[in-house]
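Here is how names work: the chains are called A, B, and so on, in the same order as the sequence lines, proteins then strands, and each is numbered from 1.
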Amino acid sequence: GESVGLHLPTLSVQEGDNSIINCAYSNSASDYFIWYKQESGKGPQFIIDIRSNMDKRQGQRVTVLLNKTVKHLSLQIAATQPGDSAVYFCAERYGNNRLAFGKGNQVVVIP
Amino acid sequence: GAGVSQSPSNKVTEKGKDVELRCDPISGHTALYWYRQSLGQGLEFLIYFQGNSAPDKSGLPSDRFSAERTGGSVSTLTIQRTQQEDSAVYLCASSSQNANTEAFFGQGTRLTVV
């Protein structure tokens, strides 16, 4: 279902290290998944997406992995930079073109 | 415009007053979402419009909240008799009917009830 307002889990990562952000989605019929990044004071912005017929997709410094068996999505950020500090949301699309968002994860990059 | 536009960007209102928040989605987008985000928290779903279908209002927290979407384009979220716990950022997003396309978010309206 939809996320409910809760304090966000936080991942602290050293600059230059790789980050992994995890997301459990809820609907086995979902066929499209998206990762969003939200910087302070801004609306969420698209990072990368993946269709359900794929299990991995790579972008610039980011990789999304999809495990449909356990309904799990992850976002890997290579060589994390201070500009990567943000809240990251996963989203799934199901039925009638509807998007549902995960609770979000706060990433803090330590210089 | 090129993106989703929300107005006002900031709104300070007195407790008990009514407020209207506006969202201009991307032209041609049939789906429109309203979310609420309290400080340091995740996205709380409020309402979803899809084309001419009846909106999904299941996320509206009380009957003080309502939303409409006129002509399948602009949407207005109305909060009546505002309370301090309504203070939050209200985000609007829109997406097209095409499968496998993301939703685009506006910058949000920061509502402060004093």
Side-chain angles (χ1 to χ4, degrees), chain A residues 1-10 21 23-27 29-54 57 59 64 66 85-108, chain B residues 3-7 9-10 23-26 29-61 85-110:
Chain A
E2 299 285 354
S3 67
V4 178
L6 291 173
H7 288 286
L8 300 171
T10 300
I21 307 162
C23 176
Y25 64 92
S26 59
N27 195 319
S30 294
D31 60 0
Y32 177 62
F33 304 88
I34 312 167
W35 278 101
Y36 284 86
K37 174 185 180 182
Q38 186 181 25
E39 296 176 281
S40 180
K42 299 182 180 180
Q45 293 193 313
F46 171 89
I47 303 174
I48 191 168
D49 58 3
I50 188 168
R51 299 181 186 186
S52 59
N53 61 353
M54 303 170 68
R57 188 161 188 231
V64 55
L66 174 63
S85 292
V87 176
Y88 291 82
F89 294 98
C90 66
E92 59 182 308
R93 171 160 284 167
Y94 62 94
N96 197 23
N97 212 29
R98 170 78 178 271
L99 275 180
F101 284 84
K103 294 179 172 56
N105 287 270
Q106 175 84 52
V107 171
V108 176
Chain B
V4 177
S5 177
Q6 291 187 245
S7 61
S9 54
N10 282 283
C23 173
D24 279 277
I26 293 173
H29 279 190
T30 58
L32 187 147
Y33 307 79
W34 281 99
Y35 288 87
R36 179 168 72 174
Q37 188 175 36
S38 299
L39 186 63
Q41 297 190 3
L43 298 174
E44 178 187 2
F45 167 75
L46 296 177
I47 189 168
Y48 168 64
F49 296 90
Q50 174 59 276
N52 295 321
S53 301
D56 177 354
K57 304 179 181 180
S58 60
L60 296 178
E85 59 262 33
D86 299 333
S87 296
V89 175
Y90 290 82
L91 288 161
C92 174
S94 72
S95 67
S96 75
Q97 183 65 35
N98 298 329
N100 302 328
T101 57
E102 72 270 28
F104 295 83
F105 281 83
Q107 293 299 299
T109 294
R110 181 174 297 279

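Side-chain contact of Thr30(B) with Gln50(B): a donor-acceptor pair under 3.5 Å is present, judged by distance alone.
Neither the backbone nor the side chain of Gln45(A) comes within less than 4.5 Å of any heavy atom of chain B. Contacts between Tyr36(A) and chain B at a heavy-atom distance below 4.5 Å involve the side chain alone, from C-beta outward.
Within a 6.0 Å radius of CG in Asn52(B), other residues, nucleotides and ligands contribute 12 heavy atoms or fewer.
Heavy-atom pairs under 4.5 Å with chain A peak, among Gln6(B), Arg110(B), Gln107(B), at Gln107(B). For the set Gly108(B), Ala103(B), Ser38(B), the count of heavy-atom pairs under 4.5 angstrom toward chain A peaks at Ala103(B).
Ring geometry, Phe33(A) versus Tyr25(A): the interplanar angle falls from 30° to 60°, so the pair is classed tilted.
The shortest distance between side-chain heavy atoms of Leu99(A) and Tyr33(B) falls below 4.5 Å.
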